[in-house]
Amino acid sequence: MSSGCSIRAIWILNNLDAVVFSRRFPVVEKRWRSSCNTDHLFSSLPTDSDLADAFLHRRLREGSARGFGIRRSNSTLGSDSWVDDPITRHIIGLYINKERDDDKNLLWPLILHIKGPYSVLVLPLVEPRHVKAYEKLCKTPDCGSSLGLDDSLSSLLLDLPAITGAFMVAHAIGDIITGDTVEPEVIITAAPSVGGLFDSLTGSIGISSRAKPVSPQVPSSSPLGAAGPGSVTADTPKMGSRPLDRDALRTFISSSMPFGTPLDLNYSNIFTIKANGFSASDLPPTDQKQPAWKPYLYRGKQRMLFTTHEIVHAALYDRDEIPDIISVSGQINCRADLEGLPDVSFPLTGLNIANLEVSSYHPCAQVSDQGPDKQGVVFSPPSGNFVLMRYQATCTLGPPVKGFYQLSMVSEDKGAFLFKLRLMEGYKAPLTMEFCTVIMPFPRRRIVSLDGTPSIGTVSTSEHSVEWKIVPSGRGLTGKSIEVTFPGTVKFAPWKNQMVSSSRTLFGTIVDEDSDNEAENASNMINEEHLMEKMNKDLPPVDLEEPFCWQAYNYAKVSFKIVGAPVSGISIDPKSLSIYPAVKAPVEFSTQVTSGDYILWNTLGKCPHVASVKI
């Protein structure tokens, strides 16, 4: 059996657990049947109704569509949660016709991708021994996966490259059925709109023209009329929130993965080919092979655009016993409007400085190491905007926003807080922070009043949050660091104990009431630690899909945007970029850094953290 990716079947279920679309690939299914022993494995694909019943049964058994991914007291032998691995929330198994007494009814591995109201299930082709290995894991008495063991789920999945391809198929289909087919954003600097004296004056006081995104253009063979000067036409249909019809979904599946083998999952390419066809001008040179990712040859003004987009994630504790955590996830988006089928090459530098942890490239790219701190990248660019590279790295300049947040409950309905932050410390020009905002969420308390004045910025409140705009949009911070403080008090509506049996039942436990309530009421001494414990105890846990485990934890979330250069240290040397065959094409680089989950945990409260292992 080949090591590539082949898909046996695809199912799409709605939020009522009914199959609304399915597609089977007989060619791949024939390969599965010829390789499996029917006496030991489920050898045929289920009907839509049988699969829907099995999916509903799993939802009821695991507590949700994804499940918890951990073994609980009510986990049953043979279920996904029995494996005790969080990856089983995304790679699941279904037991078809569970009423049978044998074990020949396990359908695995099913890639589960939830997008909007739909659940997308993709079944890739694996070897029978892999399914048997998972069956064994579902019945092991041990809890959890031991590090380094060959029979763990992680070791099993590392031997299955088809899993990665199936995830890509599931995400592509999820984007299509919800209308979320947006191409990677490539930014260019907008040309001055007025010019002359006005541009000179605005430039001298630090106001520059805003960057604007570049949309993909319709290829040269498009039958559509010419667009007006300066306009850009997208070759992706405007679907909005309207779900794609079944005919369009069948067209995409038939074109992108003929006979069950994924080739090109770019919906823009598939739609353009279907809408416009080909013409004689699209024929490639006879001495070159045209790749699948470039169905059309570009005609027009030549240029290249690179945009590095980095997202900074941080958990700042301001505690000696818990180290702060900060990481950068980034991608290099590219658009190459080049005629013919040229090759583009450049060195990627700063790998050691960035402490590059994980990196992946578009299939069009070939990468070679050119030293400990440099990689050589050569690629034949696809049509339109595309992601050339994704990576995980560290923030070499340190956190853009650092400091501490303290919240102390002086009574059940009143809290005193203090922020002391430093922005852009160690960051020099051309790095510019375009905006910075801090939000204090209180999802279970209703804010009555706020008393406090920050050293800089403006404050606004809503029913359940406080927003502090430190650097408003339009007033960037460049070439300097500032320290800001915000002391104050927040008053909440009177606290009412909530019956949370439904939420607690979700976790299979019921929290007993505190037996010291009478003693507490009799005491006039305000015990802050006891107040926090009582309030946190009464707060119900949020759904496991939420980004934070418990709403009892208090935190502040920081949002910002930085332009000018990457914070990871990874860079492309524009002087070393070359195009073969040589052409005169301007190359423009841009960078934007935004915040992801950038959290300031309350120094005086409880906070979740993961113990780091020193090897």
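Sequence positions, counted from 1, serve as the residue numbers for this chain.
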Item to complete: Please step through side-chain contact (heavy atoms from CB on, under 4.5 Å) for the pair Leu407 and Met440, ending with a clear verdict.
Response: CA-CA 10 Å; Leu407 173 64; Met440 286 188 291; 6.0 Å; no

Worksheet item: Taking only residues at least two apart or on different chains, which pairs with a member in residues 446-463 satisfy salt bridge (Lys or Arg N to Asp or Glu O under 4.0 Å)?
Response: none

Worksheet entry | Leu421 vs Val558 side-chain heavy atoms within contact, under 4.5 Å | no

Practice prompt. Hey, could you give me the CG/CZ distance between Asp337 and Arg335, rounded to the nearest 0.5 Å?
Written response: 4.5 Å

Discussion item. Please report the interatomic distance OG(Ser408) to CG(Leu604), rounded to the nearest 0.5 Å.
Written reply: 6.0 Å

Fill in: Any side-chain donor near an acceptor of the partner, Ser559 and Thr437, under 3.5 Å
no

Worksheet item: How far does CD of Gln392 sit from OG of Ser327, to the nearest 0.5 angstrom?
Response: 6.0 Å

Practice prompt. Determine whether Met424 and Phe560 make a side-chain contact, defined as any pair of heavy atoms from C-beta on separated by less than 4.5 Å.
Written response: no

Worksheet item: Does a side-chain heavy-atom distance below 4.5 Å link Lys402 with Asp324?
Response: no

Practice prompt. Measure the CZ-CD distance between Arg475 and Glu434 for me, rounded to the nearest 0.5 Å.
Written response: 15.0 Å

Worksheet item: Roughly how far apart are Ile599 CD1 and Ile325 CD1, rounded to 0.5 Å?
Response: 12.0 Å

Worksheet entry | Among Ile332, Val593, Thr591, Leu397, side chain to side chain contact (heavy atoms under 4.5 Å, CB included) partner for Pro566 | Thr591

Worksheet entry | Leu418 CG to Thr489 OG1 distance, which is reported to the nearest 0.5 Å | 12.0 Å

Practice prompt. Answer yes or no: are there more than 12 heavy-atom neighbours, outside Lys115 itself, under 6.0 Å from its atom NZ?
Written response: yes

